[in-house]
Amino acid sequence: MKQKSRTEYSVMNTTVAFLAQTLAIFMGFFTRVVFTRTLSEGYVGINGLFTDILNILSLSELGVGTAITYALYAPIARRDIKKQQILMRMFRNFYRITAGFVLLAGLCLIPFLDILMKDRPDVNHLIIIYLLYLLNSVVSYLLIYKKTLVDAHQMNYITVMYHNGFLVLQDILQIMVLFLTRNFILFLVIAVVCTIIGNICMSRKADRLFPYLKEPCKEQLPQEERHDILRNVKAMLMHKIGNVVVNNTDNLLISSFVGIISAGIYSNYYLIIGSVRQVLEQAMLGVAASVGNLGVTEENEKIGRIFDSLFFIGYWLFGFAGVCLLELLNPFVKLAFGKKYLFPKEIVLILCINFFINGMRRAVLIFKESMGLFWNDRYKAIAEAVLNLVISILLVTYFGVAGVFAGTFCSTVLTSVWVEPYVIYKYRLKKPVTGFFVKYAGYLGVMAAVWGITEYFCRFISGQAFMILVCRLGICLIVPNILLWFAYRRTAEWKVLWNLLKKIVEKVFIGDKR
């Protein structure tokens, strides 16, 4: 059978990832609506709070998955089975240690749960509920390490299908439980069971794809290679700290300084924004393994062209999605969850700006991580985490919820936005980063105009929430894309995006006729 090209793998990964993630998102929305309508605001609040607590405990994973994935690219390209076995054994052992640490640390946090909630909700069996969240986090580390090898072989569409397939099954079962019993504990038990079964099935699939995973392996990596991997793991620890503090402390700060109900309101917005982000990031990650392979086999000039194209794709996708969220979030939240779960438009604007700014970083992060540039900006992550906490705590006392999100924006702009591309240009592309920043500024100017014009048209829409949602959706689908096309229709980056879209459409609606 003919070996698939890198482009074919990227198109397959992107297409399958997009479709699978979209299905999972629709089911997740429906589950959240049922959850919000059948249980009290207190349950909504603790859901967001406990999820963030356990995401912070995931610091113990140290980002080792990213470091191991990078280390796998070269032996996969050389078809070095023995090296792959050694790396996967290291990964397995580390994840087992991680699961034990998360369990122990999670248990130690139980006496401090009341401190993290300004207003303790009227919820029965709070400790049991927390323990179920903790158990689900712990079992997520068992067996799932094998999916890293599948992803590194440019077959992440398989892991996406398995992951989202079991998420959909979990959503269906949880919806049934909510309708029939309204039992939150049973709701959480289903999540734990689906996580365990999903991991087992993914593990068996990996064993079938790569039978050598089950073969005994006693060899050790050479000392120099072990040193390189541990060096990358140390760097990824710092990045992991920065990422967790920036992305997973908002609910904690809101819960502690504003109240658990406001944290519950934010968790609904976070679900929607996070779901959209996951779709777009998963689509872009479909090319990540190809980028890693590219870093091994191609020259800097070609890598630079591909980076420019991927950055433009991320800019367009996240810019378009950002303005859609800005105009549609509140009408959707009002319809789905109720008027009492609404944030003011100013807070929604800050959330959407953060979504867009972080979305523009995706291409940079994909290239940086796929090419192993973990060490060079390790201190950036710590600086970002400190700035985020300090600025958010200062602003939340004056501006409430808006201050937390403004702190996230400030810390990102002051660190990641400029440090990450600087590292890629200096240490991989070997050329000045000035041209990138000029292009970046131009992109921001164009997107600001696109958002402003779209907002102008949407202001004319009034009436019932459903009609506002439908009419604004039509405006958001047409106006931003026409304006962006007009601005970039003659650029090389647009041609790359257009060709990719055509390939995806052919794959979905026509199929592979060869």
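Predicted model only: the values in this text are computed from it and were never measured. Along the sequence shown, residues are numbered consecutively beginning with 1.
Atom OH of Tyr212 has more than 12 neighbouring heavy atoms from other residues, nucleotides or ligands inside a 6.0 Å radius. Surrounding OH of Tyr443 are more than 12 heavy atoms belonging to other residues, nucleotides or ligands, all under 6.0 Å away. Within 6.0 Å of atom NZ in Lys345, more than 12 heavy atoms from other residues, nucleotides or ligands are found, so the atom counts as buried in its surroundings.
Across Phe356, Phe355, Phe311, a single residue satisfies ring pair (Phe, Tyr, Trp, His ring centres under 6.0 Å) together with Phe318, and that is Phe355.
Taking the ring axis of Tyr270 as reference, the NZ or CZ atom of Arg277 stays within 45° of it and closer than 6.0 Å to the ring centre. In this structure, Arg459 fails the cation-pi test against Tyr456, since its NZ or CZ atom is not both closer than 6.0 Å to the six-membered ring centre and inside 45 degrees of the ring normal.
Ring orientation note: the planes of Phe29 and Phe26 are nearly perpendicular, at an angle over 60° on the 30°/60° scale. Aromatic ring orientation, Trp316 versus Trp494: parallel (interplanar angle below 30°, classes split at 30° and 60°). The aromatic rings of Tyr425 and Phe307 stand perpendicular to each other, their planes meeting at an angle above 60°, with 30° marking the opposite boundary. In this pair, Tyr95 and Tyr141 present their aromatic rings perpendicular. The plane angle is above 60°, beyond the 30 to 60° band.
In this structure, the side chain of Arg489 engages the main chain of Phe486 through a donor-acceptor pair within 3.5 Å. The closest donor-acceptor contact from the side chain of Thr415 to the backbone of Ser411 lies under 3.5 Å. Judged by distance alone, the side chain of Arg362 and the main-chain N or O of Gly314 form no donor-acceptor pair under 3.5 Å. Judged by distance alone, with hydrogens and angles left aside, the side-chain atoms of Asn354 form a donor-acceptor pair with the main-chain N or O of Phe405 at under 3.5 Å. Remark: the backbone N or O of Asp250 is not paired with any side-chain donor or acceptor of Tyr266 at under 3.5 angstrom. Judged by distance alone, with hydrogens and angles left aside, the side-chain atoms of Asn481 form a donor-acceptor pair with the main-chain N or O of Leu477 at under 3.5 Å. Using a distance-only test at 3.5 Å, with no hydrogens or angles considered, no donor-acceptor pair links the side chain of Glu219 to the main chain of Ile86.
Among all heavy-atom pairs drawn from Ala321 and Val276, the shortest one is CB-CG1, 4.1 Å. Between Val323 and Pro480, the shortest heavy-atom distance links the atoms CG1-CG, 3.7 Å. Heavy-atom minimum distance, Ala206 versus Val150: CB-CG2, 4.1 Å. Residues Met447 and Gly319 share a closest heavy-atom pair of CE-CA, 3.5 Å. Minimum interatomic distance between Tyr488 and Gly442 (heavy atoms only, all atoms of both residues): OH-O, 4.3 Å. The two residues Ala24 and Asn164 come nearest to each other via the heavy atoms CB-OD1, 3.1 Å.
With respect to the salt-bridge test (charged N to carboxylate O, under 4.0 angstrom), the residues Glu420 and Lys368 do not qualify.
No side-chain N or O of Asn93 forms a donor-acceptor pair with one of Arg96 less than 3.5 Å apart. A donor-acceptor contact closer than 3.5 angstrom is absent between the side chains of Tyr162 and Asn199.
Between Val423 and Lys380, every side-chain heavy-atom pair lies at or beyond the 4.5 Å cut-off.
Atom CD1 of Ile424 is separated from atom OH of Tyr427 by 13.0 Å, given to the nearest 0.5 angstrom. Between the CG atom of Leu169 and the CE atom of Met27 there is a distance of 9.5 Å, given to the nearest 0.5 Å. To the nearest 0.5 angstrom, Thr159 atom OG1 is 6.0 Å from Met202 atom CE. The CZ atom of Phe312 sits 9.5 Å away from the CG atom of Leu317 when rounded to the nearest 0.5 Å. The distance from the CG atom of Leu395 to the CZ atom of Phe409 is 12.0 Å, given to the nearest 0.5 Å. Here the CZ-OG1 distance, from Arg92 to Thr148, works out to 14.0 Å after rounding to the nearest 0.5 Å.
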Worked verdict on Val396 versus Leu253 for side chain to side chain contact (heavy atoms under 4.5 Å, CB included): CA-CA 8 Å; Val396 72; Leu253 291 173; 5.6 Å; no

Working note: Asp377 + Tyr422, criterion side chain to side chain contact (heavy atoms under 4.5 Å, CB included); need CA distance, chi angles, decisive distance, verdict. CA-CA 9 Å; Asp377 63 343; Tyr422 172 79; over 6 Å; no

One pair to check against side chain to side chain contact (heavy atoms under 4.5 Å, CB included): Arg78 and Lys83. What are the steps and the verdict? CA-CA 10 Å; Arg78 297 193 304 266; Lys83 183 67 65 65; 3.9 Å; yes

Apply side chain to side chain contact (heavy atoms under 4.5 Å, CB included) to residues Tyr269 and Asn330 and explain how you reach the verdict. CA-CA 9 Å; Tyr269 282 84; Asn330 272 358; 2.4 Å; yes

